[in-house]
Amino acid sequence: MLKNLKNYLLIGLLVSILSTLGYFYLPKTIQVFDDKIRDLMFMAKGGDSSAKDVVIVDIDEKSLKELGQWPWSRNKFAKVIDNLTSMGAGVIGLDIVFAERDNSSPVKVMREAGLELKGLPDYDKIAADSIGNSPTILGYIFALENDGIKPSGSPAVSSIVVEKGRGEVDFLINPYRATLNIPQIQNAAYSSGFFNTVPDSDGIVRSVPLLMRYDGVVYPALSLEMVRAAAGVKKIEVFYDEIGVRGVAIGKIEIPTDRFGRLLVNYRGPAKTFKYISAADIYSGKIDKKEIEGKFVLIGTSAAGLLDLRATPFDSVYPGVEAHANAIDNMLKGDFMYRPSWAEGANVALIFATVAATVAVVSFASAGISSVLFVLLAGSLLYFEYFMLFNDGIVLNVLFPLMAMSLTFVSLTLMNYFLESRQKDFIKAKFAKKVSPAVVEDLLKHSDMNSFEIKEKFVTIFFSDIRGFTTLSEAMGSPKALIGLLNEYMTPMVDIIVKSKGTVDKFIGDAIMAYWNAPNEVANHQDAAVSSAVTQIKALQELNKRLIEEKKPTIDIGIGINTGDVTVGEMGSYGRADYTIIGDPVNLASRLEGLNKPYHSHIIISEFTKSGLKNDYIIRELDLVRVKGKHEPVAIFEVLDFGVPDEEQKKELDSYTNALSLYRSSRFGEALTEFRVLFEKSGTFLYQVYIERCEHFIQNPPTDFDGVFTFTTK
């Protein structure tokens with residue numbers, strides 16, 4: 001696990017660094033994808049009907065139908081201005097420009113005809129007078145690039161722009177020329193502002209410039225100038241830092257901008273979120289004065305034929321005038337969206353944090369759960385960005401943290417896939433012939449690349465060996481026949497071990513070594529091993545019946561079983577290794593198998609195995625022995641069969657237990673009598689062993705007798 005975690009962390013660090021470099025150095029055109037995600041957040045937020053301070057007087061299809069095609073004669077427009085003024089409009093802003101004289105004005109028509117002008121109305125003058133007698137801010141537009149028309153004239157503005165902290169580099173937009181109102185109207189107005197909207201590279205208007213520098217002079221946008229005029233201040237302050245414009249201030253209103261002096265618009269909703277009033281209704285006086293009184297009034301158009309439609313995060317067709325309405329409402333409410341000076345550091349921190357979280361998810365959860373957690377993690381990131389955007393107005397990068405965590409998840413998932421594939425191949429190669437298919441499947445589900453590292457484990461070890469193998473070899477006559485017989489014997493024995501969830505470690509000539517509880521956990525592994533041994537003895541009895549019928553020599557085996565802590569794992573040379581176990585308990589199990597010969601038994605288990613048994617077996621204690629190579633004595637037991645002894649067996653075992661107790665108490669005469677009675681009734685070889693020992697100790701009384709029999713051979 002630790003090894004994999006190091007690899008995960010390394011991949012996570014690499015993805016974080018690459019994502020950070022991409023954030024700083026990839027072409028800015030990729031920013032459009034970040035903006036697209038933010039557009040979806042706007043759509044998820046939906047509309048906000050709280051924008052009540054700004055209304056739009058719309059030159060709509062209805063107005064064109066009732067008042068004629070655009071441009072109207074300026075006396076009609078003047079009436080619209082007059083009616084708005086009489087209704088108490090707070091500030092009127094024109095999202096239109098009167099760049100030429102009114103061709104329908106009687107004065108202009110008669111002058112061009114060379115006729116008498118006296119007493120004829122001048123529509124331009126009428127419009128100028130109406131504008132001069134109203135709280136109107138004129139609009140004009142800048143041409144941002146050289147369009148082949150020579151620049152002429154500069155806009156008129158009443159505000160004073162003060163720049164603070166400006167460096168040598170100018171980050172404000174520098175337009176080529178201005179399309180202005182005719183002087184007669186321009187000179188009558190209080191002030192004016194440009195109404196340019198500059199779309200992003202994908203054509204969507206997400207920000208509006210508040211300031212532009214033209215011919216060395218800084219000019220305000222229509223929206224900014226309307227708010228300044230309403231605030232009753234003359235000065236606009238522009239603040240710079242090392243990366244460009246930091247913000248704009250009008251009195252107590254501080255407006256954060258990007259480095260180019262643009263306000264990121266906090267759109268209130270889709271088109272028509274603001275109150276729209278048809279210009280025809282204003283002209284005819286059909287509108288309640290309360291709809292206009294004290295409001296910021298923008299005059300613009302939603303008519304498709306007048307081409308003032310834009311794309312925004314909410315709509316692909318959105319009246320340009322409403323973008324300015326949003327900007328004004330943002331300034332009035334102060335709920336700005338902006339990228340603070342620390343945003344870049346926060347974005348980098350967010351990249352590393354999301355990658356670290358993804359690494360944690362993949363490291364400590366399964367594939368299915370990690371997929372669910374990853375989706376939740378991505379959702380949490382989006383919710384965090386959403387909360388920061390609409391609750392605090394802070395714009396953080398969504399794209400690169402999302403890309404970084406996605407790349408991390410995909411990379412780690414692919415790495416896990418290849419590691420698991422290797423792991424499965426490794427497990428199948430190691431255990432396909434050692435354990436049951438069910439065990440292999442369990443290993444595939446629950447193992448990892450560290451499953452086979454060397455470790456300590458509590459296991460039960462099994463050894464079996466054929467008795468009289470040399471005699472058996474001679475009886476078979478040929479090696480081929482001997483191998484055939486061994487295969488007949490080994491196959492059912494191994495099948496029984498595998499079926500009981502044991503692991504076949506190796507074949508040592510005619511011997512079998514196996515163990516339980518490694519590599520995978522086996523519940524009640526002592527019972528599994530002992531049950532396997534008893535089943536093998538019964539299966540061998542059936543095999544011997546068939547061998548007798550086939551006139552082949554029969555097979556007799558001894559089995560030794562011990563339980564203890566061993567070292568388990570991959571062992572061998574660097575070029576060739578195998579999964580196996582080593583340790584003193586393994587040696588004892590091997591010695592126990594050898595003790596079957598002197599006791600004429602078939603299954604011997606140690607006291608350590610017996611203490612862990614939970615099922616019922618007919619068991620007889622054999623002896624307390626000290627095997628070769630060990631100093632500490634160990635109690636050994638013979639397993640006779642499954643279940644519990646019947647009444648006669650119980651009586652015999654009780655008598656034997658009593659005789660054994662007399663023997664270990666050095667009461668050899670009394671023990672001898674008991675063992676002789678037992679031997680006469682059953683003829684069991686074990687009783688003969690103790691008869692001989694008792695006779696020996698009667699003739700040669702021992703000193704400090706502890707009941708332990710020491711074997712000097714294996």
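Using a 4.5 Å heavy-atom cutoff, the side chains of Phe296 and Leu332 are in contact. At least one side-chain heavy atom of Tyr219 sits less than 4.5 Å from a side-chain heavy atom of Ser154.
Counting heavy-atom neighbours within 6.0 Å of Lys125 NZ, excluding the residue itself, gives a total of 12 or less. Counting heavy atoms of neighbouring residues, nucleotides and ligands inside a 6.0 Å radius, atom CD of Glu254 does not exceed 12 of them. Around NZ of Lys234, the count of heavy atoms belonging to other residues, nucleotides or ligands within 6.0 Å exceeds 12.
The OG1 atom of Thr358 sits 12.5 Å away from the CD1 atom of Ile11 when rounded to the nearest 0.5 Å. Between Ile204 atom CD1 and Asp315 atom CG the span is 10.5 Å, to the nearest 0.5 Å. With rounding to the nearest 0.5 Å, the separation of CE in Met87 from NZ in Lys295 is 12.5 Å. Between the CG atom of Leu389 and the CE atom of Met337 there is a distance of 3.5 Å, given to the nearest 0.5 Å. Here CG of Leu263 is found 5.0 Å from CG of Leu210. Values are rounded to the nearest 0.5 Å.
Formation of a donor-acceptor pair under 3.5 Å by the Ser105 side chain with backbone atoms of Tyr123 is found in this model. Judged by distance alone, the side chain of Asp200 and the main-chain N or O of Asp202 form no donor-acceptor pair under 3.5 Å. Side chain of Asp34 to main chain of Ile30: no donor-acceptor pair is present (N/O by atom type, distance under 3.5 Å, no hydrogens or angles). Distance alone, capped at 3.5 Å, is enough to place a donor-acceptor pair between the Asn181 side chain and the Gly139 backbone. Using a distance-only test at 3.5 Å, with no hydrogens or angles considered, a donor-acceptor pair links the side chain of Asn330 to the main chain of Asn266. Side-chain N or O atoms of Ser158 include one that pairs as donor or acceptor with a backbone N or O of Tyr190 at under 3.5 Å.
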Inset, instruction - Would you sort out whether Phe336 and Met331 count as a side-chain contact (heavy atoms from CB on, under 4.5 Å), showing the intermediate values? - result: CA-CA 7 Å; Phe336 302 107; Met331 288 183 253; 4.0 Å; yes
Legend entry - Verdict with supporting geometry, Glu225 and Arg228, salt bridge (charged side-chain N to carboxylate O under 4.0 Å, His left out): CA-CA 5 Å; Glu225 188 65 0; Arg228 180 202 66 79; 2.7 Å; yes
Inset, instruction - Assess whether side-chain hydrogen bond (donor to acceptor under 3.5 Å, both in side chains) is satisfied between Ser63 and Asp60, documenting all intermediate values. - result: CA-CA 5 Å; Ser63 300; Asp60 55 5; 2.7 Å; yes
Inset, instruction - Would you check, one step at a time, whether the test side-chain hydrogen bond (donor to acceptor under 3.5 Å, both in side chains) holds for Thr197 with Arg310? - result: CA-CA 9 Å; Thr197 55; Arg310 304 287 184 267; 3.0 Å; yes
Inset, instruction - For salt bridge (charged side-chain N to carboxylate O under 4.0 Å, His left out), just list the numbers for Arg38 and Asp35, CA-CA rounded to whole Å, side-chain angles, deciding distance to a tenth of an Å, and then say yes or no. - result: CA-CA 5 Å; Arg38 201 167 293 105; Asp35 293 331; 3.3 Å; yes
Inset, instruction - Applying side-chain hydrogen bond (donor to acceptor under 3.5 Å, both in side chains), run through Tyr23 and Asn347 and close with a yes or a no. - result: CA-CA 9 Å; Tyr23 169 67; Asn347 290 333; 2.7 Å; yes
Legend entry - Steps toward side-chain contact (heavy atoms from CB on, under 4.5 Å) verdict (Phe195, Ile137): CA-CA 11 Å; Phe195 53 82; Ile137 307 296; over 6 Å; no
Legend entry - Verdict with reasoning, Ser302 to Asp58, per side-chain hydrogen bond (donor to acceptor under 3.5 Å, both in side chains): CA-CA 6 Å; Ser302 67; Asp58 188 14; 2.5 Å; yes
Legend entry - Intermediate values then yes/no, side-chain contact (heavy atoms from CB on, under 4.5 Å), Phe352 and Ser19: CA-CA 9 Å; Phe352 277 83; Ser19 298; over 6 Å; no
Inset, instruction - Give the C-alpha distance, both sets of side-chain angles, the deciding distance and a yes or no for side-chain contact (heavy atoms from CB on, under 4.5 Å) between Asp147 and Arg177. - result: CA-CA 9 Å; Asp147 57 2; Arg177 68 177 184 87; 2.8 Å; yes
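Residue Ile185 comes nearest to Leu138 through the heavy atom pair O-CD1, 3.7 Å, listed as atom of the first residue, atom of the second, then distance. When all heavy atoms are compared, the tightest approach of Leu144 to Ile173 is CD2-CG2, 4.1 Å. Residues Ala230 and Val91 approach most closely at CB-CG2, 3.7 Å, considering heavy atoms. Residues Ala189 and Ile131 come closest through the heavy atom pair CB-CG2, 3.8 Å. When every heavy atom of Lys333 is checked against every heavy atom of Ala51, the shortest pair comes out as NZ-CA, 3.9 Å.
Each of Phe142, Tyr176, Phe194 was scored for a ring pair (Phe, Tyr, Trp, His ring centres under 6.0 Å) with Tyr214, with one residue passing: Phe142.
For Lys272, there are no salt bridge (Lys or Arg N to Asp or Glu O under 4.0 Å) partners two or more places apart in sequence or in a different chain.
The aromatic rings of Trp70 and Trp72 stand perpendicular to each other, their planes meeting at an angle above 60°, with 30° marking the opposite boundary.
Under the ring pair (Phe, Tyr, Trp, His ring centres under 6.0 Å) criterion, the residue pairs touching residues 259-290 are Tyr267-Tyr318, with sequence neighbours excluded.
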